[in-house]
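To start, the structure itself, in structure tokens.
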Amino acid sequence: MKEPNERYRNFFQDVYEVVRLIPPGRVSTYGAIAHYLGSKQGARTVGWAMQAAHDLRGDEYVPCHRVINRLGVLTGKQFYNPPSAMQEALEAEGVPVIDDKVQDFTQRFWDPSTELQP
DNA sequence: ATTCTGACTCGTG
DNA sequence: GCACGAGCCAGAA
């Protein structure tokens, strides 16, 4: 995963890989992914990566609907078309969403640093 | 090159 | 519990 000679680590590509590893029915947060990648507070960059990943299709597809903020709110739903697509995608996987908030967020939270052992 | 913004998060008051 | 400010990184103007 990590090249020993990489000066500029592609934050985006790393984010994509981690997001792709999120199991269906589980959700993760920007901060958790950023923390797993080494940045303590680079959560904004993760969100930016999601926006860039919005166009990816096929093998490059990234389930960005499973990535939400730390409060369990679908902050990025307004970037979907239609905005309700994100909520429906989660509910289709068995994740109940009420008022743009994921129910049982703590149980469904998937932390790569914890669930994904190196 | 400099400035500003943003799918975020944390510490204070 | 809520509001404000600071920190971090990538891209656009």
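Remember, it's a predicted structure, so these values are computed and weren't measured experimentally. The sequence lines fix the lettering, A, B, ..., with proteins before strands; numbering per chain opens at 1.
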Show me, pair by pair, the donor-acceptor contacts under 3.5 angstrom made by side chains of residues 79-90 of chain A, not counting sequence neighbours?
residue, atom, partner, partner atom, Å
A:Tyr80, OH, A:His65, N, 3.1
A:Gln87, NE2, A:Glu91, OE2, 3.3
A:Gln87, NE2, A:Val97, O, 3.3

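Nucleotide C:dG11 holds its C1' atom 15 Å from the CZ atom of A:Phe11, rounded to whole Å. The nearest whole Å value for the distance from the CD1 atom in A:Ile33 to the P atom in C:dC9 is 17 Å. Remark: P of B:dA7 and CG of A:Leu71 are 15 Å apart, rounded to the nearest angstrom. Counting to the nearest Å, the P atom of B:dA7 and the CG atom of A:Leu90 are 18 Å from each other. A:Met50 has its CE atom 14 Å from the P atom of C:dA10, to the nearest Å. Look at CG on A:Asn81: it is 16 Å from C1' on B:dA7, rounded to the nearest Å. For the pair A:Gln51 CD and B:dT5 C1', the computed distance is 11 Å after rounding to whole Å. In this structure, A:Asn69 atom CG and B:dA7 atom P are separated by 12 Å, rounded to whole Å.
Applying the side chain to side chain contact (heavy atoms under 4.5 Å, CB included) test to A:Ala32 and every residue at least two apart in sequence or in another chain returns A:Ser28, A:Thr29, A:Phe109, A:Asp111, A:Pro112.
Not one side-chain nitrogen or oxygen of A:Arg44 sits closer than 4.0 Å to the OP1 or OP2 atom of B:dT5.
Among the atoms of the strands shown, only primed sugar atoms or phosphate atoms (P, OP1, OP2) are found under 4.0 Å from some heavy atom of A:Phe79.
Residue A:Leu21 comes nearest to A:Trp110 through the heavy atom pair O-CZ2, 3.8 Å, listed as atom of the first residue, atom of the second, then distance. For A:Tyr30 against A:Val67, the heavy-atom pair with the smallest separation is OH-O, 3.5 Å. Minimum heavy-atom separation, A:Pro24 to A:Glu93: CA-OE1, 4.0 Å.
Checking C:dA10, B:dC10, B:dA7 against every side-chain atom of A:Phe12, the shortest atom distance belongs to C:dA10. Closest to the side chain of A:Thr45, out of B:dG6, C:dC9, B:dT9, is C:dC9. Checked against B:dC8, B:dA7, C:dA10, the side chain of A:Met86 finds its nearest nucleotide in B:dA7.
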### Query
Between A:Lys77 and A:Asp100, does a side chain to side chain contact (heavy atoms under 4.5 Å, CB included) hold up when you go through it step by step?
CA-CA 8 Å; A:Lys77 64 168 274 184; A:Asp100 297 342; 3.2 Å; yes
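A heavy atom closer than 4.0 Å to some atom of DNA chain B occurs in no member of residues 91-110 of chain A.
A distance of 6.5 Å separates OH in A:Tyr16 from CE in A:Met50, rounded to the nearest 0.5 Å.
Using P as the reference atom, B:dC4 and C:dG5 are 16 Å apart when rounded to the nearest Å.
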